[in-house]
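Everything on this sheet refers to the single structure shown next.
Counting starts at 1 for both ligands and their atoms, following the listed order.
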Amino acid sequence: MVQLNILSHIVQKVNNAISLEDALNILVSEVLLSLRAEACTVYMVDKRQSQYVLVATKGLNEKMVKHVRFGLSEGLVGYVGQREEPINLEDANQHEKFLYHPGSGEDKYNAFLGVPIIHHKRVRGVIVIQQPEKIKFDESEVAFLVTISAQLAGMFANSEYTGEMRDLLSSGIAKQKRKDVVFSGISAVPGVGIGIGIIVYPLADLDAVPNRKTNNIQEELVIFDNAIQSAKDDIAKLSARLSNTLSKEELAIFQAYLSILDSTSLDDEVKEQIKEGNWAQGALRKVVKKYTYQFAAMEDEYLKERAADIKDLGRRILSHLQALQPKKIEYPENTILLGEEITPGDLAAVPEGRLRGVVSVKGSTNSHTAIIAKSMRLPTVMGIKGVSFEKIKLADIVIDGYLGKIYINPSQSLLDNFAKLAIEEKELEQSLEQLRTKPAETPDGYRIKLYVNAGLAADAGMSLSVGGEGIGLYRTEVPFMSRESFPTEEEQRIIYRQLLKTIAPKSVTMRTLDIGGDKSLPYFPIIEDNPFLGWRGIRVTLDHPEVFLIQVRALLKASIELDNLKILLPMITAIEEVDESLSLIKQAYDELIEEKFDIKKPEIGVMIEVPSAVYLSKEICRRVDFLSVGTNDLVQYLLAVDRNNARISSCYQSLHPAVIRALIQIVNAAHGEGKVVGVCGEMASEPLAVILLLAMGFDTLSMNAASLPRIKWVIRSFSMSSARKILNEVLELESASQIRLLLDQRLVDAGLGGLIRAGKK
Ligand code: PEP
Ligand code: MG
């Protein structure tokens with residue numbers, strides 16, 4: 001019987017090895033000491049060559065290490081790999097698959113036990129023990145080798161991305177080219193970033209704090225007050241550091257941090273815990289946990305991300321309570337930050353001009369880190385999986401923010417290639433910067449208006465800085481989400497007024513409350529089996545005219561003397577909904593006129609985001625001033641694809657022929673009635689789709705601020721006549737993939753390939 005303590009002894013010794021080669025040599029020797037075997041050999045798969053390579057042995061001729069290579073289906077080793085299970089033979093020489101490698105010294109062995117080394121369903125190698133005597137290895141020996149092989153699997157996978165495996169394999173007879181190890185995540189900010197990986201560790205570990213009774217409540221209260229003050233000082237310092245880089249609106253994110261620290265609820269709750277006898281650290285952990293759980297459980301993606309903010313603050317306060325000095329990090333000239341959860345504070349801590357990119361395991365495109373990284377134009381990949389950061393610290397890293405990929409210790413040729421693309425990208429950015437003040441006009445004189453979608457204060461500032469002609473969609477639910485009850489008319493008026501004022505004289509299209517679906521308010525939960533087909537958007541507000549009327553009154557009052565407001569109605573599916581909404585808006589307007597407010601009637605529009613509204617576009621247009629197509633929902637409802645379901649994300653195709661035909665129908669209906677029509681869904685920021693939207697005749701496009709310069713470039717590069725020709729070609733095609741391929745080609749032909757991949761061509 002092989003004992004467990006022998007196994008753990010081997011694992012420990014192997015883990016202490018200084019290199020993969022060393023680890024393999026220790027392993028084969030140790031296995032021989034523990035089993036009835038005279039040879040132990042490890043074969044590794046060389047993927048590029050589709051071969052097994054003998055990488056370590058004790059008992060065979062050690063001079064053959066790295067020199068014995070054979071095909072993946074050859075010999076008993078190949079057979080083990082193909083079967084993906086242990087093979088235990090009394091007399092291997094008699095087996096039909098037996099393959100003799102001259103000079104290996106294998107001829108004296110009969111008994112053979114081979115076990116595959118499998119990681120993530122892929123065979124990475126085979127470990128073999130052999131014996132001269134014709135015996136079958138017993139079950140405990142098989143189990144032992146299976147356990148060892150599981151250890152090896154993890155080691156092989158790690159060595160694959162640290163580059164050790166590549167070095168080991170390429171040091172054999174056939175010199176190999178370096179392999180570029182790549183990991184995938186989500187593209188949060190496009191762009192190419194090249195630099196050295198610096199790992200960011202969390203400041204302090206809240207989870208590790210125990211509850212502990214205090215005998216001196218007064219002292220704990222003072223300690224807590226001091227820690228809060230120090231955390232505030234930290235944030236103020238970080239914010240000051242970025243003050244030259246970020247706009248006022250973006251710096252507001254740090255203001256939000258400070259207001260959480262100032263909030264009486266956090267302060268009071270922690271102090272209450274302390275007064276009950278818990279020490280300050282335990283009290284803090286309890287309260288921060290409660291808040292992070294509350295936020296993390298929210299359906300809304302934006303609010304979910306706020307959990308990260310609270311956790312970051314909690315750690316900052318804790319590090320002061322523990323009097324931990326933050327470790328001094330040396331940031332190289334070209335720093336790439338890597339970590340489990342990179343925070344805005346981490347970005348701010350890097351000296352100006354040194355940061356080249358960000359890679360984070362947690363976070364999404366909605367997180368504050370992503371928002372700030374976007375305005376700092378830092379290529380960012382989030383949701384990266386499978387990287388053991390500890391092993392790649394100080395490694396060379398290349399970020400491809402377009403495809404959401406990172407390359408670790410890349411080959412010189414890949415590095416050179418990306419360096420070239422980064423230079424081209426800079427040139428591209430500079431030429432786009434020159435377009436800022438130029439109109440979005442095709443070479444043959446067709447003018448289209450480009451607006452920005454906003455939901456955060458940061459977006460408003462951005463919309464002006466990128467040369468947007470106003471805000472084409474302001475999602476009013478955002479201020480509703482970040483509070484504890486419906487905001488009052490006056491609270492709403494102040495928020496809307498601030499935005500209208502910032503953007504004036506340009507216009508702001510404010511959409512009335514669009515909750516339900518994936519957006520629910522913490523104080524107004526909507527729980528349904530099929531929320532996207534349920535009580536959503538206008539259905540909710542028409543059922544609650546008091547909520548709708550307060551909002552419309554606040555909007556109208558906010559626009560006094562600015563006169564730059566447009567009102568947009570979400571999720572309209574029937575004419576009655578339009579009529580009812582218009583009558584409520586009229587009611588609010590009449591009331592305010594009666595109350596002696598001097599208000600100009602705003603333009604009113606309807607979102608087309610449900611198939612029924614597509615067919616009713618004409619009738620809707622007769623009642624309102626403009627249409628705005630919400631392609632995010634329209635695609636979801638036309639193709640029956642939940643827009644948030646990652647499993648079917650490949651079915652979510654905005655270039656589906658049905659979507660294209662629906663869009664044409666909407667434009668024709670609107671123009672037939674002499675009304676303006678635009679797109680405010682994500683499709684308006686996709687360069688390929690924009691060629692088609694232009695050709696269809698859309699008057700306006702509204703998108704995230706970061707995309708606007710690129711979309712302007714598309715408009716200024718395609719004449720209306722060439723765009724129409726492409727649309728006609730597209731209408732002949734029957735599938736989204738064919739359409740994408742064709743558009744891709746047309747974009748590259750026009751010299752705009754840089755919009756969809758790294759580089760500028
Ligand atoms: C849309 O559906 O396209 C849209 C712009 O609205 P939202 O993404 O807020 O649902
Ligand atoms: Mg929508």
At a 4.0 Å threshold, what atoms of ligand 1 neighbour a non-hydrogen atom of Arg643?
-> 2 (O), 7 (P), 8 (O), 10 (O)
Between Ser360 and Glu341, is any side-chain donor less than 3.5 angstrom from a side-chain acceptor?
-> no
Examine the side chains of Lys405 and Ser184 and answer whether a donor and an acceptor come within less than 3.5 Å of each other.
-> yes
Positive for salt bridge (Lys or Arg N to Asp or Glu O under 4.0 Å) with Arg553, one of Glu546, Glu490, Glu489 = Glu489
Could you list which atoms of ligand 1 come closer than 4.0 Å to a heavy atom of Leu473?
-> 5 (C)
Glu609 near the Mg ion (ligand 2): N/O/S under 2.8 Å | yes
Which residue and non-hydrogen atom of the protein lie closest to atom 6 (O) of ligand 1, and at what distance in Å?
-> Arg511 NH1, 2.9 Å
Ligand 1 to Glu477 polar contact by distance, N or O atoms, under 3.5 Å = no
Asp633 and Gln636 side chains, donor-acceptor separation under 3.5 Å = yes
When you measure from the Mg ion (ligand 2) to each N, O or S atom of Asp633, which atom gives the shortest distance?
-> OD2
For Gly630, the atoms of ligand 1 under 4.0 Å from one of its heavy atoms are 1 (C), 2 (O), 3 (O)
Distance only, no hydrogens: is a donor on one side chain within 3.5 Å (strictly under) of an acceptor on the other, for Thr573 and Glu577?
-> yes
With heavy atoms only and a cut-off of under 4.0 Å, state how Arg475 meets ligand 1: side chain, backbone, both or neither.
-> side chain
Determine yes or no for a side-chain-to-main-chain donor-acceptor pair under 3.5 angstrom, with Asp625 supplying the side chain and Ile604 the backbone.
-> yes
